[in-house]
Novice: 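Let me begin by handing over the structure; questions about it come next.
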Amino acid sequence: SWINMGKVYMHKGEYYKAESAFKRAMSGQVVLRQDKLEALIWTHNYMGNCYDLLDHRDLALKEYNTVVEMGNNYRGAVDYARKYLKRPFTKEAPGHH
C-alpha cells in the first residue's frame, strides 16, 4: 500500500511525500518471497523517478543502478531503470507503471 501511496503523491506533484512513502515501502519489505522482491525492485525505480522529479539526479542514478544490479527484469524493471539511467525521468515521461 505504501508503493501505491507514493505513486499517488508523485502523480499529484507531492514528491517529498512520495519519497517518504517509498522509503516506508522499502523498510517494510523483508525479501523472502518472490512477490516481495518484485515489489521492492519497482519501488527502487519509483524512488528513482521521484528523485529525478526533485532534481536529485545523483540519488536517482543510485536507485536505478540498484535495480540493474539486482538483475531481476520483472515486468521490464531493469529495462525501465536503464532507460532512466540514460536520461532523467520527467512528469511528462510515458511508460508509468
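Atoms considered below: every heavy atom in the structure, side chains included; atoms not considered: hydrogens, waters and symmetry mates. Since we're looking at a predicted model, the values are computed, not measured.
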Novice: Considering all heavy atoms of both residues, which atom of Gly6 and which atom of Ala18 are nearest to each other, and what is their separation?
Specialist: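 Minimum heavy-atom separation between Gly6 and Ala18: O-CB, 3.4 Å.
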
Novice: Taking all heavy atoms of Phe22 and all of Thr43, pick out the closest pair and write down the distance.
Specialist: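 Of all heavy-atom pairs spanning Phe22 and Thr43, the closest is O-CG2, 3.6 Å.
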
Novice: Would you name the heavy atoms of Trp42 and Arg75 that are closest together and state the gap between them?
Specialist: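 Looking at all heavy atoms of both residues, the shortest contact is CZ2-O, 3.2 Å.
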
Novice: First locate atom CE of Met10, then atom CG of Asn49, and finally report the distance between them rounded to the nearest 0.5 Å.
Specialist: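 Separation between the atoms: 4.5 Å.
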
Novice: Side-chain contact, heavy-atom cut-off 4.5 Å: Met70 with His44?
Specialist: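 Yes, at least one pair of side-chain atoms sits under 4.5 Å.
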
Novice: Tell me whether Leu85 is reachable from Leu54 by hopping between hydrophobic residues (I, L, V, M, F, W, Y) whose side-chain heavy atoms are closer than 4.5 Å.
Specialist: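 Hydrophobic grouping puts Leu54 with Leu85.
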
Novice: Hey, does His56 have a side-chain heavy atom less than 4.5 Å from the side chain of Asp58?
Specialist: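 They are in side-chain contact.
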
Novice: Do Met47 and Lys23 touch side chain to side chain, with heavy atoms closer than 4.5 Å?
Specialist: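 A side-chain contact exists here, since the closest heavy-atom pair is under 4.5 Å.
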
Novice: In terms of ring plane angle, is the pair Tyr84 and Tyr80 parallel, tilted or perpendicular, where the classes change at 30° and 60°?
Specialist: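 Geometry flag for Tyr80 against Tyr84: perpendicular rings.
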
Novice: Minimum heavy-atom separation for Ala77 to Asn45, with atom names?
Specialist: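 Scanning both residues, the minimum pair turns out to be O-ND2, 3.0 Å.
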
Novice: Membership question, hydrophobic clusters at under 4.5 Å side-chain separation (ILVMFWY): are Tyr9 and Leu59 in the same one?
Specialist: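 In one cluster with Leu59: Tyr9, no.
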
Novice: Taking side-chain hydrogen bond (donor to acceptor under 3.5 Å, both in side chains) as the test, write out the residues that go with Asp52, two or more places apart.
Specialist: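 Here the qualifying residues are Arg57, Tyr64.
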
Novice: At what distance, to the nearest 0.5 angstrom, does CH2 of Trp2 lie from CZ of Arg24?
Specialist: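 Here the rounded value is 4.0 Å.
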
Novice: Over all heavy atoms of both residues, which pair between Asn72 and Val78 is shortest? Give the atoms and the distance, please.
Specialist: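 Heavy atoms of Asn72 and Val78 come nearest at O-CG2, 3.6 Å.
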
Novice: Same cluster or not: Met5 versus Leu53, using hydrophobic residues (I, L, V, M, F, W, Y) connected whenever any side-chain heavy atoms lie under 4.5 Å apart?
Specialist: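 In one cluster: no.
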
Novice: My understanding is that only residues two or more places apart in sequence, or in another chain, count here; which of them pass side-chain hydrogen bond (donor to acceptor under 3.5 Å, both in side chains) with Tyr51?
Specialist: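 If we apply the side-chain hydrogen bond (donor to acceptor under 3.5 Å, both in side chains) test to Tyr51, skipping adjacent residues, the hits are Glu19.
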
